[in-house]
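Below is one structure, written out as C-alpha cells; the observations come after it.
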Amino acid sequence: MQALPACKETQAAMALDADTRDQLINTVRRFVAERLRPIEARVAEDDAIPEDVLAEMRALGLYGLSIPEAYGGLGLTMEDECLVAIELGRASPAFRSAFGTNVGIGSQGLVMFGADEQKAKWLPAIASGEIVTSFALTESEAGSDSAAVQTRAVLDGDAYVLNGAKRYITNANKAGLFTVMARTNPDIKGAGGVSAFLVPSRLPGLSVGKPEKKMGQQGAHICDVNFDNVRVPVENRLGAEGEGFKVAMQVLDRGRLHISAVCVGVAERLLADCVAYAAERKQFGQAIAGFQLIQGMIADSKTEAMAARALTLETARKRDAGHTVTLEAAAAKYYASEMVGRVADRAVQIFGGAGYVADHGIERLYRDVRIFRIYEGTSQIQQVVIARETMKRGG
Ligand code: COS
C-alpha cells in the first residue's frame with residue numbers, strides 16, 4: 001500500500017485539498033479493511049500486533065500523522081487527523097494504540113513546547129515510527145488529580161535527577177522516549193511545582209514493569225515506569241520550570257479530541273455490524289431488522305454517533321482556526337466515550353447470545369471501549385472541566 005499523502009504546508013498545518021483528503025481516507029479505509037480487520041481476533045488472542053503489520057503502519061506514515069512535515073510527518077490538521085482516527089476506529093482500538101502515543105500524548109508536548117534543537121533531535125524518528133513515545137503523567141497517587149505528581153526532579157549540575165514511579169503508561173514497554181512530568185519544586189504542592197522532561201528510555205536507572213493484564217484492548221500495553229536516580233540532561237527539560245502541568249493539560253486537550261474521533265469510528269463500525277447482522281438474523285419468520293424495537297436501538301445508536309461526529313469535527317475545526325478548545329474537547333470526549341459505551345451495549349443486545357460469545361467480536365469491542373471513559377481524563381473529570389469553563393464563560 002502506498003504511503004499516505006502529506007500536507008503541503010511545512011510550518012502550520014494546512015487542511016488537505018478534497019482530492020488528497022479522499023485519497024488519504026481511502027488508503028486508511030482499505031488498510032483497516034484488508035489488513036487489520038481480518039487479524040483482530042488473533043491480535044487479541046496473542047496480545048500482540050504482528051511485526052509486519054507494525055512495519056506497514058510505519059511505511060504508511062501513521063506514526064507521523066500529527067508531526068509537522070518539516071520533521072518528516074504528514075502534518076495533518078486536527079480535523080484531518082480526526083477523520084483518519086475515525087477510519088482507524090473501525091478496527092480494534094489496540095491497533096491505533098500502537099502509534100497513538102506518537103501521534104498524540106507522546107509527541108505533542110514536544111511539538112507544542114519543544115525548542116528547535118529538541119524537535120530536530122527527536123521528531124523525525126517519532127514521525128517515522130523508528131522510536132515509540134509515551135506520556136508519563138499518572139502515578140499511584142496522581143490519577144485524576146494529576147497536579148499531585150510526586151516523582152521528583154532535582155537539579156544537580158548539568159542534569160536533573162529523577163526519582164519516582166509512573167503507573168499505567170501506554171506503550172511504556174516499547175517506548176524509546178518518555179515525556180515525564182516531575183516535581184521540580186517541592187515547596188509548591190500543586191500544578192506550579194511540576195516540570196516536563198524528555199527522557200530517553202535507555203538512561204541508566206529507568207526501568208519498565210511488566211504489561212498489566214487488562215479488561216480489553218489486548219495487543220496494546222500499559223506498564224509502570226520507575227526512575228531510580230535517572231540523570232536527565234538539563235537541555236531535555238520541555239518548556240520552563242513549573243510549566244509541566246500546563247504542557248500536560250494542553251497535550252490532553254488535543255488528545256481528548258483524537259480519542260473522541262476514535263470513539264466515533266468504533267461506534268460507526270458497531271452500527272454497520274449491527275445493521276448487517278439484523279438483516280441476516282431471522283426470528284419469528286423474518287429478519288430482526290424488521291422489528292421496531294430493534295430499529296429503535298439502531299436509531300438511537302445512529303443519532304448519537306452522528307452527534308458525536310459533528311461535535312468532534314466542529315471542535316477540531318475550531319482548534320485548527322486557533323481557538324482554545326478546552327471546554328469543547330472535554331465535551332466531545334465526555335459525550336463520544338459515553339456514547340460508544342451505549343452503542344456497544346446495544347450491539348450486544350442486538351446480537352443477543354451471539355453478542356455475548358467471542359465469535360463475532362462484539363463482546364471484545366464492548367470490553368475495548370470501556371477504557372475510553374477513563375483514560376485521558378475520566379468522564380467525571382470532563383464534567384468538572386466543562387462545568388468550570390462554562391461558569392468562566394458565564395453560561
Ligand atoms: N490548558 C492550559 N492551562 C491549563 C489547562 C488547560 N487545559 N487546565 C488547567 N490549566 C492551568 C490553569 O490555568 C492553572 O494555571 P494558573 O495556576 O496559572 O492559574 C493551572 O493549570 C492549574 O489548573 P487547575 O487549578 O485547574 O488545576 P487542578 O489541580 O484543579 O486540576 C483538572 C484540573 C482536574 C482538570 C486536571 O488535573 C485534569 O485534567 N485531571 C485529569 C488528568 C488526566 O486526564 N489524566 C489522565 C492521565 S493521562 S492518559
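Source: prediction; values computed, not measured. We count ligands from 1, going down the list as the structure has it; atoms in each ligand are counted the same way.
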message: Would you say that Met78 contacts Thr315 through its side chain, given a criterion of any heavy-atom pair below 4.5 Å between the two side chains?
response: no
field: Protein non-hydrogen atom below 4.0 angstrom of atom 47 (C) of ligand 1 present
entry: yes
- prompt: At what distance is the nearest protein heavy atom to atom 45 (N) of ligand 1, and which residue and atom is it?
  reply: Gly143 O, 3.9 Å
- line: Taken to the nearest 0.5 Å, the spacing of Glu87 CD from Arg96 CZ works out to 14.5 Å
query: Roughly how far apart are Asp253 CG and His258 NE2, rounded to 0.5 Å?
result: 15.0 Å
- prompt: Only one of Arg90, Arg37, Arg346, Arg281 clears salt bridge (Lys or Arg N to Asp or Glu O under 4.0 Å) with Asp273; which?
  reply: Arg37
message: Just to verify, which of Arg319, Arg317, Arg309 counts as forming a salt bridge (Lys or Arg N to Asp or Glu O under 4.0 Å) with Glu79?
response: Arg317
query: When the ring planes of Phe291 and Phe284 are compared, do they come out parallel, tilted or perpendicular, using 30° and 60° as the limits?
result: perpendicular
query: At a 4.0 Å cut-off, with the gap strictly under it, does some heavy atom of Asp253 reach an atom of ligand 1?
result: yes
Heavy atom of Ser146, distance to ligand 1 below 4.0 Å: yes
- request: Do me a favour and list the nearest non-hydrogen protein atom to atom 6 (C) of ligand 1 with residue, atom name and distance?
  value: Met249 CB, 3.5 Å
field: Nearest protein heavy atom with distance in Å, relative to atom 34 (C) of ligand 1
entry: Ile381 CD1, 3.8 Å
- request: Just need the protein heavy atom nearest to atom 31 (O) of ligand 1, so name the residue and atom and give the distance.
  value: Phe245 CZ, 3.8 Å
task: Determine whether the side chains of Gln380 and Ser144 contain a donor N or O and an acceptor N or O closer than 3.5 Å.
output: no
- line: Note: heavy atom closest to atom 14 (C) of ligand 1, options Met181, Arg388, Arg254, Lys246, belongs to Lys246
message: One residue to check: Val385. Relative to ligand 1, which of side chain, backbone, both or neither has a non-hydrogen atom less than 4.0 Å away?
response: side chain
- prompt: So, for atom 2 (C) of ligand 1, does the protein have a heavy atom nearer than 4.0 Å?
  reply: yes
- prompt: So, Asn102 and Thr133: side-chain donor and acceptor under 3.5 Å apart, yes or no?
  reply: yes
statement: Among Glu376, Lys333, Gln382, Arg256, the residue with a heavy atom nearest to atom 39 (O) of ligand 1 is Arg256
query: Thr326 heavy atoms, cut-off 4.0 Å: which ligand 1 atoms fall inside?
result: 7 (N)
query: Numbering the atoms of ligand 1 from 1, which are under 4.0 Å from a heavy atom of Thr138?
result: 47 (C)
message: List ligand 1 atoms under 4.0 Å from Gly377, heavy atoms only on the residue side.
response: 43 (C), 44 (O), 46 (C)
field: Verdict with reasoning, Val199 to Asn236, per side chain to side chain contact (heavy atoms under 4.5 Å, CB included)
entry: CA-CA 7 Å; Val199 183; Asn236 283 27; over 6 Å; no
- prompt: How long is the span from the CG atom in Asn26 to the CZ atom in Phe31, to the nearest 0.5 Å?
  reply: 15.0 Å
message: Quick check: Gln250 and ligand 1, any N/O pair under 3.5 Å apart?
response: no
- line: Per-atom filter on ligand 1: closer than 4.0 angstrom to a heavy atom of Ala147 are 29 (O)
- line: Contact region, Arg167 to ligand 1, non-hydrogen atoms below 4.0 Å, reads neither
task: With heavy atoms only and a cut-off of under 4.0 Å, state how Ser144 meets ligand 1: side chain, backbone, both or neither.
output: backbone
- prompt: At a non-hydrogen distance cut-off of under 4.0 Å, which region of Thr324 contacts ligand 1 (side chain, backbone, both, or neither)?
  reply: neither
query: Is there a protein heavy atom less than 4.0 Å away from atom 17 (O) of ligand 1?
result: no
message: Out of all atoms in ligand 1, which are within 4.0 Å of some heavy atom of Ala191? Include the element for each.
response: 22 (C)
query: Counting distance only, does the side-chain N/O of Thr27 pair as donor-acceptor with the main-chain N or O of Leu4 below 3.5 Å?
result: no
query: Do Asn171 and Ser134 have a side chain donor and acceptor closer than 3.5 Å?
result: no
field: Interatomic distance, Leu83 atom CG to Leu88 atom CG [nearest 0.5 angstrom]
entry: 11.0 Å
